[in-house]
Amino acid sequence: DIRMTQSPASLSASLGETVNIECLASEDIYSDLAWYQQKPGKSPQLLIYNANSLQNGVPSRFSGSGSGTQYSLKINSLQSEDVATYFCQQYNNYPFTFGSGTKLEIK
Amino acid sequence: QVQLKESGPGLVQPSQTLSLTCYVSGFSLTSNSVHWVRQPPGKGLEWVGTIWTGGNTYHNSALKSRLSISRDTSKSQVFLKMNSLQTEDTAIYFCTRSHGTYYNWFPYWGQGTLVTVSS
């Protein structure tokens, strides 16, 4: 199985700041990577697919990058509504696997 | 409008069998695969398994042979059955739909159903 190592586990940042979340795959996943946002009590919501494609309706302050085994999610101009837990997911190989999550809070 | 909604028993006794139903609308099960993902309370996401458009299934080997996924295309329902439940199977179970064949990111999720394994 492909292991997804996500960091940091938690993050505290101020409104308007830029934050980065990283995901490292245990092998090359050829950009078959998605990012999700999950708010408490809610289902995950897709933000990014194919490593850098923005899902319809997602604010442009979210962006994804990376290739091979290293990927990142960037959130510009942090807003209060961005408080959530973020997960990466690889879909290059079954079984699909997720990162352990990054809990984002406002300072 | 694509929608998915899970239904389940809520509480299951240890060693018993879990049966969940995912009701889908807005698409055909013969055109899009449905996946199950679970999340223990306060923890991360685990992909459980899928039923593909042709009806074949694939599941997480970590669940060994405890898992069965099936469907009724005429009723737009997908079923998950898992036997020999243990406390570590306590989780929110989500059904999701992938974007399309070979495009296995998940834009569509059900609300999830909490399954508690306890005597």
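Labels below follow one simple rule: chain letters A, B, ... track the order of the sequence lines, proteins then strands, and each chain is numbered from 1.
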Is there a path of hydrophobic side-chain contacts, each under 4.5 Å between heavy atoms, that joins [X] and [Y]?
X     : Y     : value
A:L11 : A:V83 : yes
A:L78 : A:I21 : yes
A:F98 : A:W35 : no
B:W52 : B:V78 : no
B:I51 : B:M82 : yes

- [ ] Kindly give the cluster partners of B:Y102, where membership spreads through any ILVMFWY side chain lying under 4.5 Å from a current member.
- [x]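 None; B:Y102 is a cluster of one.
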
With rounding to the nearest 0.5 angstrom, report the [atom1] to [atom2] distance, [X] to [Y].
X     : Y      : atom1 : atom2 : result
A:Q55 : B:F106 : CD    : CZ    : 13.0 Å
A:S53 : B:H99  : OG    : NE2   : 10.0 Å
A:D1  : B:N60  : CG    : CG    : 6.5 Å

Task: Segment of B:Y58 engaging chain A (4.5 angstrom heavy-atom cut-off) - done: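 Only the side chain of B:Y58 comes within 4.5 Å of chain A.
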
- [ ] Identify which part of B:V37 has an atom lying under 4.5 Å from any heavy atom of chain A, answering side chain, backbone, both or neither.
- [x]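 For B:V37, side-chain heavy atoms alone lie under 4.5 Å from chain A.
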
- [ ] With a 4.5 angstrom heavy-atom cut-off, could you sort out which part of A:P44 is near chain B: side chain, backbone, both or neither?
- [x]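 For A:P44, backbone and side chain are both near chain B.
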
Task: Structural part of A:Q45 lying under 4.5 Å from a heavy atom of chain B - done: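 When you check distances to chain B, no heavy atom of A:Q45 falls under 4.5 Å.
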
Open item on the list: Are the side chains of B:H35 and A:Y91 in contact, using a 4.5 Å heavy-atom criterion?
Closed with: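 Sidechains of B:H35 and A:Y91: no contact.
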
Open item on the list: Less than 4.5 Å apart, side chain to side chain, heavy atoms only: is that true for A:F96 and B:T50?
Closed with: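 Side-chain contact under 4.5 Å: no.
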
- [ ] Scan B:F94, B:W109, B:W105 and name whichever one has a ring-ring contact (aromatic ring centres under 6.0 Å, His included) with A:Y36.
- [x]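 Passing option: B:W109.
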
Task: Between A:Q6, A:Q38, A:K42, the one whose heavy-atom pairs under 4.5 Å with chain B are most numerous - done: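 Heavy-atom pair counts peak at A:Q38.
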
Open item on the list: I need the residue from A:L46, A:T97, A:L33 with the largest number of non-hydrogen atom pairs under 4.5 Å to chain B.
Closed with: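 The option with the most such pairs is A:L46.
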
For [X], I'd like to know if atom [atom1] has over 12 heavy atoms of other residues, nucleotides or ligands within 6.0 Å.
X     : atom1 : answer
A:R61 : CZ    : yes
B:F27 : CZ    : yes
A:Q70 : CD    : no

Open item on the list: Does B:Y103 form a side chain to side chain contact (heavy atoms under 4.5 Å, CB included) with A:Y49? I'd like the steps, not just the answer.
Closed with: CA-CA 9 Å; B:Y103 303 113; A:Y49 61 93; over 6 Å; no

- [ ] Could you walk me through whether A:F87 and B:Q39 pass the side chain to side chain contact (heavy atoms under 4.5 Å, CB included) test, one step at a time?
- [x] CA-CA 12 Å; A:F87 295 95; B:Q39 184 174 36; 3.8 Å; yes

TODO: Locate the shortest heavy-atom distance separating B:G110 from A:S43; write the atom from each residue and the value.
DONE: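 Of all heavy-atom pairs spanning B:G110 and A:S43, the closest is O-OG, 2.5 Å.
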
